[in-house]
Every structure is written in C-alpha cells, then in structure tokens.
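Data first, discussion second: the structure below is written as structure tokens.
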Protein chains: 2
Amino acid sequence: MIEQSGRRERKKAATRQKIADTALRLFLERGYDAVGIRDVAAEADVAVTTVFAHFASKEALVFERDQDFEQHLTRAVTDRPPHEPLIPALHREVQALVRHCTAEGSAPVRRMIEGSPALREYEESMSLRHAQALAAALTADPHLSRSATVCRATARFVIDAYALACRADDPGATVDEVFRMIKAAWEATAP
Amino acid sequence: MIEQSGRRERKKAATRQKIADTALRLFLERGYDAVGIRDVAAEADVAVTTVFAHFASKEALVFERDQDFEQHLTRAVTDRPPHEPLIPALHREVQALVRHCTAEGSAPVRRMIEGSPALREYEESMSLRHAQALAAALTADPHLSRSATVCRATARFVIDAYALACRADDPGATVDEVFRMIKAAWEATAP
DNA sequence: AAGATAGCCCTAACCGTTAGGATTTCACAA
DNA sequence: TTGTGAAATCCTAACGGTTAGGGCTATCTT
C-alpha cells in the first residue's frame, strides 16, 4: 500500500491512456452520441467496468486533462512571486489556457463539445469546480485580505472570462476585455 | 391549430401540474435518488412516456418554474423605464429572486438540490441558459451601446451573483457585495 | 357528422452506470 | 522461491433514465 515500485503504476497509466485515446478517436470518427461505452471498451480491449474504474463517466473521457487545468489556475495564484499583483497574474494564465484550448488541433474537439448538450453541461459543472478551487486559493492568500464573497465572485468571473473566450471569435481580445472588467471589480473591493 | 378553445389546454396543464406536484412531493418524502420516474408516473397515474412529454428529464421536474425566472430577469432589463440605469434595476431584481429562493418554504427543496450532484449540475446548465438570455437582452438594449463581449460577461456576472447568494449565509448582503463589483466592472466599460 | 390532430397509453428496448463476486497480476517479505 | 495480500481487471446481470414505435380516445375544426 505504500509506494509501488513501477510496473503496476505504469500498466495502470497505460490502460487509462489507451482508453482515453481510443475513446477520443472513436468520438471524433463517428460522433460522440454514436459511440457507446461498450464500443469504447471493446475497441480498447478492456471490460466496461474497467473504463469506469478509470473515468467517472462517459463525458469524463473527453476532459481527460481536467486536473491540469485546475492546477495551472490555482498555481497562478499560489506560486506567483510575493507582492506580485493578483489580477495580471490571473490574466496571463487565462490567456495561456485560452490559447491552449483554441489551438489548431483542438478545433474538432471543441466542435464536438459544442455539438453535444451532455458535454456542454459537463464542462459547465467542471468549470464550477474550478471556480471553487480558485476561490479557495484566493481566500487562502495572505496578501489579499478580501472577504470570502469577493474571492468567490472573482473566481467565478475569471472562469467566465475563460468560458466566454473559448467560444469567442477573437479569444485573445475577449480575455483582455473581460479582464478589464474584472480588474475594475476587484479594485472596487480594496480594503 | 391556432387557439384551442380551452378544454384540451386545461387538461394538458392539469396533467403537467399533477406530475410536477406528485414528483416534488415524492422527492421530498423519500429523497430524490430513491424515487424513480416509474414511481412518479405510477403515483400521478400517468404513463412514463407522458412524464417525458411534459418534462425533458427527471431533473426538470424539480425546476418547474425555470421559465418564470428567466422572464423576470430579462424583463428587468427590457421593461425598465427609459433611461433608468441598468445596474440598479438588475440589482433589485436579483435581490427579489434571491429572496424568493431563500424563503422559508424553499429550504427543503434547496437542501434536496444541494444534496444531489445531478440536480446541481442541471441547475448550473440552467443558469448558463439564463445568462445567455440576459446577454441577448443586454445586447438588444439601444441605450446601452456596449460590445457583445461586455454584455455577455455582465450577464454571467449577474447570474454568478444570484448563484453565490442562494448558497450564502447572508444572501442579501452577498447580492449587495457582488453588485458593487458588477457596478465597477460595468462602469469601467463606459463608451 | 367526419376527418384531423393532440394528448395519452403500452411495450420493448437502448445505453450509461453499478453491484457482486471471480480471477489475474504484481509487490514484497518470509 | 514461494506464499500472501492487495490492486487491477474481468464477467454477468441488473437498475434507472430515456426513447422509438405504434395504437387509442377525446377534442377541435369544418
């Protein structure tokens, strides 16, 4: 139970990756709704129960890197140099995340997500979790000294900026425009 | 096909109401997860297919008045006296909506929603729709003359205020605090 | 009164998801 | 090396939300 030495972990990670890769490939080939979990399992040559041992739901197969996103965001807050102002740090990080999700290769995936109500709904609820994690990071920052409400609201605003930019015609400009609003909102709460 | 003379529409509405009432009662009595659609249908004395003819999903049974919410919100924008400033109008409306959803009788329903991931997720995706409707109303207002991005961001901020307040210890104060931020954000975008 | 149609019903299935329990694979220590 | 425990996987069967297909009746329109 303490610190496995390799092979098991590697095999598990390999299985997980194989499932995720197979799923994404099938989804893009035939459409999300046209591919069943049983199809994914068969093609990846694992049992259906194994799929659910690695992913909590069918939608989760599409958002495999979800955890990374949350970490990047919270670390933009927690790992920034001391006394560096908060909003520019978040602004930069959101720009980077948006660039990542509107990159060349991501277009088909985005189209698939927008085309499926189930995936859109799942993405929304993911965003809510990210907002909560970010709110926690803001609340914990000793330099900020804002109320919990302000931290929660700011976190949601930042996630809104990301969500809007991902779907906008000019993602970069959208992030900038929304962050001008966030900056004003934040500064209006100065203690 | 236009303008039925009554009985049919009345019967349809009655069926819908009976299903919604029965569902909510059973959910509160036994818990959301412990009640199946087949139970609701049997207790309301209708076929399962009839339930889905009136409600798009099991979760929708809980948010029967969803449409009203959206109308109230958009009308706070479209029906306000000419030249009345936007933000105070929205502020007042959100206060009213929050009071409504944190009223005495709503507590058990709220507890039920917070206790079910499926319901929370559904509520989130509803909120997104409301934000889009509000954004459309803002974009359409001839007195505002803000970019589509600003309208969309503001709409989401307002929905955030509502969502945060519904779960806060002091809902009224939360609305006020978040709206101070929204006001600053909005004014920072003055043309 | 006679069609047209909306609302409802029934049955059977689809699909995501989970429970239960067996089986294999690996890590580690005797 | 081999025994042991735990983790990963598997199989089967089911549960519960949801939908398709097709039929029946009450209501509406003309």
Side-chain angles (χ1 to χ4, degrees), chain A residues 1-20 22-24 26-27 30-64 112 116-123 125, chain B residues 1-20 22-24 26-27 30-64 112 116-123 125:
Chain A
M1 96 187 216
I2 323 161
E3 291 312 308
Q4 313 281 7
S5 80
R7 182 170 299 150
R8 216 171 238 184
E9 283 185 346
R10 262 182 293 118
K11 285 201 172 184
K12 182 176 181 180
T15 301
R16 183 194 152 94
Q17 201 57 46
K18 184 174 185 184
I19 294 170
T22 304
L24 193 57
L26 291 185
F27 290 160
R30 310 182 200 163
Y32 181 75
D33 291 325
V35 177
I37 287 286
R38 290 163 178 90
D39 300 328
V40 173
E43 183 88 4
D45 197 28
V46 296
V48 169
T49 45
T50 302
V51 174
F52 284 106
H54 287 274
F55 300 92
S57 67
K58 186 187 179 187
E59 295 91 52
L61 286 165
V62 174
F63 297 97
E64 200 216 336
M112 177 177 79
S116 156
L119 287 176
R120 281 205 306 268
E121 185 160 334
Y122 185 87
E123 193 181 24
S125 88
Chain B
M1 109 189 208
I2 326 166
E3 292 312 311
Q4 315 279 11
S5 80
R7 182 169 297 149
R8 228 179 225 180
E9 283 187 345
R10 261 181 294 119
K11 285 198 174 183
K12 182 176 181 179
T15 302
R16 183 194 152 93
Q17 201 57 46
K18 184 175 184 183
I19 294 170
T22 304
L24 193 57
L26 292 185
F27 290 159
R30 309 183 201 163
Y32 181 75
D33 290 326
V35 177
I37 286 286
R38 289 162 178 90
D39 300 328
V40 174
E43 184 87 4
D45 197 29
V46 296
V48 169
T49 44
T50 301
V51 174
F52 284 105
H54 287 274
F55 300 92
S57 67
K58 185 187 180 187
E59 295 91 54
L61 286 165
V62 174
F63 298 97
E64 200 216 336
M112 178 177 79
S116 156
L119 287 176
R120 281 204 306 267
E121 184 160 335
Y122 185 85
E123 193 181 25
S125 89

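All values below come from the heavy atoms of this structure, side chains included, with hydrogens, waters and symmetry mates left out. These numbers come from a predicted model, not from an experiment. Each chain gets a letter, A, B and so on, in the order its sequence line appears, and its residues count up from 1.
- Distance, B/I37 CD1 to D/dT19 P: 10 Å, rounded to whole Å.
- Note that the CD1 atom of A/I19 and the CD atom of A/E64 stand 10.5 Å from one another [nearest 0.5 Å].
- For D/dT18, the base has a donor-acceptor partner in the side chain of B/R38 [N/O atoms by modelled type, under 3.5 angstrom].
- Listed pair B/T15 / C/dC8 meets the phosphate criterion, a side-chain N or O lying under 4.0 Å from OP1 or OP2.
- For B/R8, taking side-chain heavy atoms from C-beta onward, the closest of the listed nucleotides C/dA6, C/dT17, D/dT9 is C/dA6.
- Contacts between residues 39-53 of chain A and DNA chain C, defined by a heavy-atom separation under 4.0 Å, are made by A/V48, A/T49, A/F52.
- One finds the CD atom of A/Q17 at 9.5 Å from the OG1 atom of A/T22 (value rounded to the nearest 0.5 Å).
- For A/E59, the salt bridge (charged side-chain N to carboxylate O under 4.0 Å, His left out) test picks out no residue, with sequence neighbours left out.
- For C/dG7, neither phosphate oxygen OP1 nor OP2 lies less than 4.0 angstrom from any side-chain nitrogen or oxygen of B/K11.
- Regarding contacts with the backbone of D/dT9, a side-chain N or O of A/H54 is found under 4.0 angstrom from either OP1 or OP2.
- Summarising the geometry, the separation between CG on B/D33 and C1' on D/dG17 is reported as 12 Å, rounded to the nearest angstrom.
- When rounded to the nearest whole Å, the span between CZ of A/F55 and P of C/dT18 equals 15 Å.
- Cation-pi geometry between B/K58 and B/Y32 is met: the NZ or CZ atom falls under 6.0 Å from the ring centre, inside 45° of the normal.
- Rounded to whole Å, the distance from CD on A/E9 to P on C/dC28 is 10 Å.
- When side chains are defined from C-beta on, B/K12 does not count as touching B/E9, because their heavy atoms never get closer than 4.5 Å.
- Along DNA chain D, the nucleotide nearest to A/R16 and the one nearest to B/V35 differ in position, and the one closer to the 5' end is contacted by A/R16.
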Which donor-acceptor pairs under 3.5 Å do the side chains of residues 38-56 of chain A make with protein atoms, sequence neighbours left out?
unit_1	atom_1	unit_2	atom_2	d
A/D39	OD2	A/G36	N	2.8
A/E43	OE2	A/R25	NH2	3.0

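- Atom CD in B/E59 sits about 13 Å away from atom C1' in C/dG16, given to the nearest Å.
- With sequence neighbours left out, the side-chain hydrogen bond (donor to acceptor under 3.5 Å, both in side chains) criterion links B/E121 to no other residue.
- To the nearest angstrom, C1' of D/dA26 lies 15 Å from NZ of B/K12.
- Counting to the nearest Å, the P atom of D/dA26 and the CZ atom of B/R7 are 12 Å from each other.
- In this structure, B/K58 atom NZ and C/dC15 atom P are separated by 21 Å, rounded to whole Å.
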